[in-house]
Amino acid sequence: MKKLLNLSLFYFICAMIGGVFYREFTKYMGFTGRTTLSLVHVHLLVLGTLLFMILTLFCRNTDLQNNQKFKLFLVLYNIGLPLMVIMLVIRGVIQVLELQLSKGANAAVSGIAGIAHIIITVALVILFLALKSIITKWEN
């Protein structure tokens with residue numbers, strides 16, 4: 001449980017840093033348009049902070065933390081979420097600086113972001129399977 005609460009705190013701190021970076025970087029650059037930097041803060045709060053707070057409560061009342069699927073979820077999710085956030089920041093900085101990327105570079109940024117989303121999706125499916133197996137044990 002302590003590990004999950006520490007992860008929640010880590011993602012909360014990253015969310016605050018992301019929010020401040022978005023505000024200050026766009027203000028410094030005089031940027032007033034839309035940018036994916038605005039998504040970093042909320043993604044980290046919901047997908048990081050809130051999710052791990054909820055999972056801490058699940059672990060308090062179940063044996064979830066000892067479930068092999070849950071352990072796999074933790075590894076995959078903590079690869080996918082930071083990768084996704086990094087790609088949001090990269091895409092956002094490119095937008096704010098109004099850089100013109102080649103088709104290949106643009107595709108690479110989108111492709112890596114897509115891979116991060118796939119990793120998170122797989123991790124969440126594994127989490128649901130872990131939760132389902134815990135609930136099934138609980139009911140019996």
Would one find more than 12 heavy atoms of other residues, nucleotides or ligands at under 6.0 Å from atom [atom1] of [X]?
| X | atom1 | result |
| --- | --- | --- |
| Glu24 | CD | yes |
| Lys71 | NZ | yes |
| Arg60 | CZ | no |
| Phe10 | CZ | no |

Atom of [X], atom of [Y] and distance for their closest heavy-atom approach:
| X | Y | result |
| --- | --- | --- |
| Ala123 | Leu76 | CB-CB, 3.8 Å |
| Cys59 | Gln65 | CB-OE1, 3.1 Å |
| Met16 | Leu45 | CE-CD2, 3.9 Å |
| Val109 | Arg91 | CG1-NH2, 3.4 Å |
| Ala116 | Gly80 | CB-O, 3.7 Å |
| Ala130 | Asn67 | CB-OD1, 3.7 Å |

Roughly how far, to the nearest 0.5 Å, is the [atom2] atom of [Y] from the [atom1] atom of [X]?
| X | Y | atom1 | atom2 | value |
| --- | --- | --- | --- | --- |
| Ile90 | Gln95 | CD1 | CD | 12.0 Å |
| Ile86 | Leu81 | CD1 | CG | 10.0 Å |
| His117 | Ser110 | NE2 | OG | 11.0 Å |
| Tyr77 | Thr121 | OH | OG1 | 10.0 Å |
| His41 | Leu88 | NE2 | CG | 13.5 Å |
| Leu124 | Ile119 | CG | CD1 | 12.0 Å |

Spell out, yes or no, whether [X] and [Y] are grouped together once hydrophobic residues are joined by side-chain heavy atoms under 4.5 Å, including indirect joins.
| X | Y | answer |
| --- | --- | --- |
| Val85 | Ile17 | no |
| Met1 | Val75 | no |
| Val40 | Val46 | no |
| Ile118 | Ile120 | yes |
| Ile79 | Leu47 | yes |

Taking the side chain as C-beta and beyond, is there a heavy-atom pair between [X] and [Y] under 4.5 Å?
| X | Y | result |
| --- | --- | --- |
| Met53 | Thr49 | yes |
| Leu37 | Val89 | yes |
| Leu74 | Leu7 | yes |
| Val122 | Ile126 | yes |
| Leu127 | Leu55 | yes |
| Lys69 | Leu64 | no |
| Tyr11 | Leu51 | no |
| Phe73 | Leu131 | no |

Point to revise | side chain to side chain contact (heavy atoms under 4.5 Å, CB included) between Val93 and Met29, worked out | key: CA-CA 10 Å; Val93 168; Met29 297 304 295; over 6 Å; no
**Study point:** Check: Phe25 ring centre within less than 6.0 Å of Tyr28 ring centre
**Key:** no
Exercise for review: Kindly say whether the aromatic ring centers of Phe52 and Phe12 come within a distance under 6.0 Å.
Suggested key: no
Check your understanding: When you look at Ile54 and Leu50, which way does the side chain to side chain contact (heavy atoms under 4.5 Å, CB included) test go after all the steps?
Key -> CA-CA 6 Å; Ile54 292 168; Leu50 190 60; 4.1 Å; yes
Check your understanding: Are the side chain of Ser8 and the backbone N or O of Leu4 linked by a donor-acceptor pair below 3.5 Å?
Key -> no
Practice item. Using modelled atom types only, decide if a donor and an acceptor are shared between the side chain of Thr26 and the backbone of Phe31 within a distance under 3.5 Å. Key: no
